[in-house]
There are 2 protein chains.
Amino acid sequence: MTDQLPDRPGLRTVHQLRALTVDLDLLAAAFAQRNRLHPTDLRALIALLDAARTGTAATPGLLGRELRLNSAGTTAVLDRLERHGHLRRTRDPHDRRRVLLEVTEQAVALGETFFGPLIADTVALVDGLSPAELAAVEGFLTSMRTLVARHTD
Amino acid sequence: MTDQLPDRPGLRTVHQLRALTVDLDLLAAAFAQRNRLHPTDLRALIALLDAARTGTAATPGLLGRELRLNSAGTTAVLDRLERHGHLRRTRDPHDRRRVLLEVTEQAVALGETFFGPLIADTVALVDGLSPAELAAVEGFLTSMRTLVARHTD
DNA sequence: CATAGTATCTCGCCGAGCGAGACACTCGTT
DNA sequence: AACGAGTGTCTCGCTCGGCGAGATACTATG
């Protein structure tokens with residue numbers, strides 16, 4: 001970005017990666033708008049679907065921490081999702097201060113329409129790679145994550 | 001957060017890629033907050049720095065289209081950036097309806113503090129790859145972009 | 001010229017998210 | 001058992017980013 005030297009492999013890759021993240025953001029934004037969801041609501045839905053998939057108990061507090069929202073903002077997100085029928089709130093019988101969040105079938109279906117085809121295509125793409133290619137791609141992604149993590153402080 | 005053991009290589013890669021984009025978003029958000037910028041202002045700044053780097057003339061209209069903001073919102077973004085000294089507005093002498101946007105030295109420096117180290121590390125990482133590995137990574141990124149583009153409609 | 005088209009800005013409004021605080025509940029201490 | 005501290009969630013009032021509508025200034029075309 002701050003380097004003008006054209007066509008060094010490293011810079012080309014940086015550019016490709018950045019373009020890809022921008023495209024993914026645009027895709028998410030387009031999907032959100034088409035389904036009358038705010039970007040934050042979509043992020044929340046993704047987090048809740050993840051939790052449901054891994055069997056983790058989701059609560060407003062956890063969600064708010066994940067989305068970097070304070071409690072008031074979290075309540076507002078949940079109100080919107082509940083109003084749109086993507087979410088059910090139930091009191092935790094073991095700790096009656098807590099609220100358990102349950103995504104509805106409708107929300108799961110919505111998530112599948114969004115992620116399903118893209119994931120399927122990506123899996124097909126990855127399955128078409130040779131073992132060496134797969135190793136290179138996975139190594140790159142892993143290295144990038146630790147690298148980004150090191151710059152977040 | 002949700003590092004479950006994904007069964008197939010394809011899914012594992014999908015997960016890694018998604019985690020990476022989330023981490024990059026978090027990095028950007030953290031940087032924005034530390035510099036008293038709104039996420040949109042940072043996106044605008046990135047777009048303007050890109051334009052400056054490629055020698056493209058930046059105008060409010062172009063920027064607004066890129067950021068998916070209407071004209072009122074675009075004006076507000078530019079007001080904020082100008083107020084913070086990241087931007088100068090000048091009338092285009094050839095078409096006096098238009099306003100030309102010029103990032104200040106301060107903004108360029110800010111961009112370098114943000115992107116510089118991360119880009120340098122990424123370039124170093126990519127430079128350390130064998131030609132075959134590099135080809136695999138670039139091929140993957142390119143394929144993903146066309147794949148995402150196909151799903152955006 | 002007049003008229004249509006274009007680039008930008010202003011005004012009034014909506015609503016996402018914040019800070020402060022209320023309320024309900026749990027838990028350790030006494 | 002009763003109290004206080006700590007925790008999870010929600011309510012209230014507010015700020016301010018972004019939108020729709022329209023004003024303003026300029027260019028292009030007949």
Side-chain angles (χ1 to χ4, degrees), chain A residues 25-26 28-30 32-48 51 56-84 86-103, chain B residues 25-26 28-48 51 56-84 86-102:
Chain A
D25 276 357
L26 285 178
Q33 204 155 28
R34 198 179 317 154
N35 290 84
R36 306 256 141 63
L37 289 172
H38 297 271
T40 304
D41 298 1
L42 179 57
R43 286 179 56 209
L45 208 47
I46 292 171
L48 291 173
T56 316
T59 66
L62 284 171
L63 181 68
R65 252 163 269 140
E66 192 156 338
L67 299 182
R68 265 86 179 159
L69 290 181
N70 77 357
S71 65
T74 306
T75 299
V77 171
L78 296 176
D79 286 348
R80 292 194 299 267
L81 288 179
E82 197 171 37
R83 199 179 325 128
H84 286 75
H86 297 313
L87 179 76
R88 264 187 303 272
R89 282 196 257 215
T90 47
R91 282 273 156 202
D92 183 342
H94 291 33
D95 182 344
R96 306 205 27 249
R97 293 168 301 181
R98 303 171 87 207
V99 164
L100 298 180
L101 305 177
E102 231 182 330
V103 287
Chain B
D25 276 358
L26 285 178
F31 174 83
Q33 205 157 26
R34 198 179 318 155
N35 290 85
R36 306 256 141 65
L37 288 172
H38 298 270
T40 304
D41 298 2
L42 179 58
R43 286 179 56 209
L45 208 49
I46 291 171
L48 291 173
T56 315
T59 65
L62 283 172
L63 181 69
R65 251 162 270 140
E66 192 156 339
L67 299 182
R68 265 84 180 164
L69 290 181
N70 78 356
S71 65
T74 306
T75 298
V77 171
L78 296 176
D79 286 348
R80 292 194 298 266
L81 288 179
E82 196 171 38
R83 198 179 326 128
H84 286 75
H86 297 315
L87 179 75
R88 265 186 303 271
R89 283 195 256 214
T90 48
R91 283 274 156 200
D92 183 341
H94 292 26
D95 181 344
R96 306 206 28 248
R97 293 167 302 181
R98 304 171 87 207
V99 164
L100 298 180
L101 305 177
E102 233 182 329

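Values reported hereafter were calculated over all heavy atoms of this structure, with side chains retained and with hydrogens, waters and symmetry mates removed. In what follows, chains are A, B, ... by sequence order, proteins preceding strands, each numbered from 1.
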Which nucleotide in the set C:dT8, D:dC19, D:dC10 lies at the smallest distance from any side-chain heavy atom of B:Leu69?
-> D:dC19

May I have the distance from B:Arg91 (atom CZ) to C:dT6 (atom C1'), rounded to whole angstrom?
-> 12 Å

Of all the heavy-atom pairs spanning A:Ala44 and A:Leu63, show the shortest one and how long it is.
-> O-CD1, 4.0 Å

In terms of heavy-atom contacts, B:Leu101 and B:Pro60 come closest through CD1-N, 3.6 Å

Of D:dG18, D:dT11, D:dG20, the nucleotide closest to the side chain of B:Ala72 is D:dG20

Look at the side chain of B:Arg91 and the backbone N and O of B:Arg96, then say whether any donor-acceptor pair between them is shorter than 3.5 Å.
-> yes

Choosing from C:dA16, C:dC18, D:dG17, which nucleotide comes nearest the side chain of B:Arg80?
-> D:dG17

Heavy-atom closest contact (B:Leu78 atom, B:Arg89 atom, distance) = CB-NH1, 3.5 Å

Can you check whether B:Leu37's main-chain N or O pairs, donor with acceptor, with B:Asn35's side chain at less than 3.5 Å?
-> no

Determine: side-chain N/O of B:Ser71 to OP1/OP2 of C:dA7, distance under 4.0 Å, yes or no.
-> no

Rounded to whole Å, CZ of A:Arg68 lies from C1' of C:dG19 at a distance of 19 Å

Rounded to the nearest Å, what distance is computed from the CG atom of residue B:Leu62 to the P atom of nucleotide C:dT6?
-> 14 Å

For the student: nearest non-hydrogen atoms of A:Arg80 and A:His38, plus distance | NE-CD2, 3.9 Å

Options D:dG18, D:dG17, D:dG8, nucleotide nearest the side-chain atoms of A:Arg65 = D:dG8

Let me know the distance between CG of B:Leu37 and C1' of D:dG17, rounded to the nearest Å.
-> 14 Å

Would you say the base of C:dG19 and the side-chain of A:Asn70 have a donor-acceptor pair closer than 3.5 Å?
-> yes

Shortest non-hydrogen contact between B:Leu87 and B:Glu82, atoms and distance | O-CG, 3.6 Å

B:Leu78 CG to D:dG18 P, straight-line distance once rounded to whole Å = 12 Å

To the nearest Å, give me how far apart CG (B:Asp79) and C1' (D:dC16) are.
-> 13 Å

Numerically ordered, the residues 94-102 of chain A set in heavy-atom contact under 4.0 Å with DNA chain C is A:Asp95, A:Arg96, A:Arg97

Atom pair distance, as rounded to whole Å: CZ in B:Arg89 and C1' in D:dA25 = 15 Å

Counting any heavy atom closer than 4.0 Å, what does B:Ala76 reach on the DNA or RNA strands: base, sugar-phosphate only, or nothing?
-> nothing

Map A:Thr74 and A:Pro93 onto DNA chain C by nearest heavy atom, then report which one ends up closer to the 5' terminus.
-> A:Thr74

To the nearest angstrom, the NE2-C1' distance between A:His38 and C:dG15 comes to 8 Å

